[in-house]
Amino acid sequence: MSAYLNEHEATDSDFLIQLSDTLANKNDIVTIEQRAEEYAQRNGLNLTSSLVQEMLAPRFELKEYFDKKIGGDVYKLFTKVPTVSRER
């Protein structure tokens, strides 16, 4: 698997799949922050732990990438996701 990944460049489709996985749990569409809270709780971690923060950074980068592509906020594409203002 790693050989394949090293030989093939990720596409926007790959990035969209990653973002979709980030914005969903088993029950609903969620924000990145909500998904991080669930992860932290399941694993007995604090949201401010370095592991959780390292996990969040690339997910926010993906969201920002698609925010720019659509010229808006990805969260606004979904009626169930609360709008979250987050300064980065």
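By convention here, the first residue in the shown sequence is residue 1. Values below: all heavy atoms of this structure, side chains included; hydrogens, waters and symmetry mates excluded. For clarity, every value in this text was computed on a predicted model and none was experimentally measured.
- Once rounded to the nearest 0.5 Å, the distance linking CD of Q41 with CD of E37 reads 6.5 Å.
- Pairs passing the side chain to side chain donor-acceptor pair (under 3.5 Å) check and including a residue from residues 17-26, sequence neighbours excluded, read N25-E38.
- By the rule that hydrophobic residues join a cluster once side-chain heavy atoms approach within less than 4.5 Å of another member, F78 and I32 end up as members of one cluster.
- In this view, N43 satisfies the side-chain hydrogen bond (donor to acceptor under 3.5 Å, both in side chains) rule with no residue, not counting sequence neighbours.
- Linking ILVMFWY residues whenever their side-chain heavy atoms come closer than 4.5 Å, directly or via other members, places F60 and L77 in the same cluster.
- At least one donor-acceptor pair closer than 3.5 Å links the side chain of R35 to the backbone N or O of A24.
- Between the CG atom in L19 and the CD atom in E61 there is a gap of 12.5 Å [rounded to 0.5 Å].
- Within the structure, every pair that satisfies the salt bridge (charged side-chain N to carboxylate O under 4.0 Å, His left out) test and touches residues 2-15, not counting sequence neighbours, is listed here: D12-K69.
- For the pair E54 (side chain) and L51 (backbone), a donor-acceptor distance under 3.5 Å is absent.
- Note: the hydrophobic cluster containing I70 also contains I29 (ILVMFWY, side chain heavy atoms under 4.5 Å, direct or indirect links).
- A side-chain contact (heavy atoms from CB on, under 4.5 Å) with L23 holds for exactly one of D28, V74, T31; it is V74.
- For S50, the side-chain hydrogen bond (donor to acceptor under 3.5 Å, both in side chains) criterion is met by no residue, not counting sequence neighbours.
- Residues passing the side chain to side chain contact (heavy atoms under 4.5 Å, CB included) test with A36, sequence neighbours excluded: L47, V52, M55, L56.
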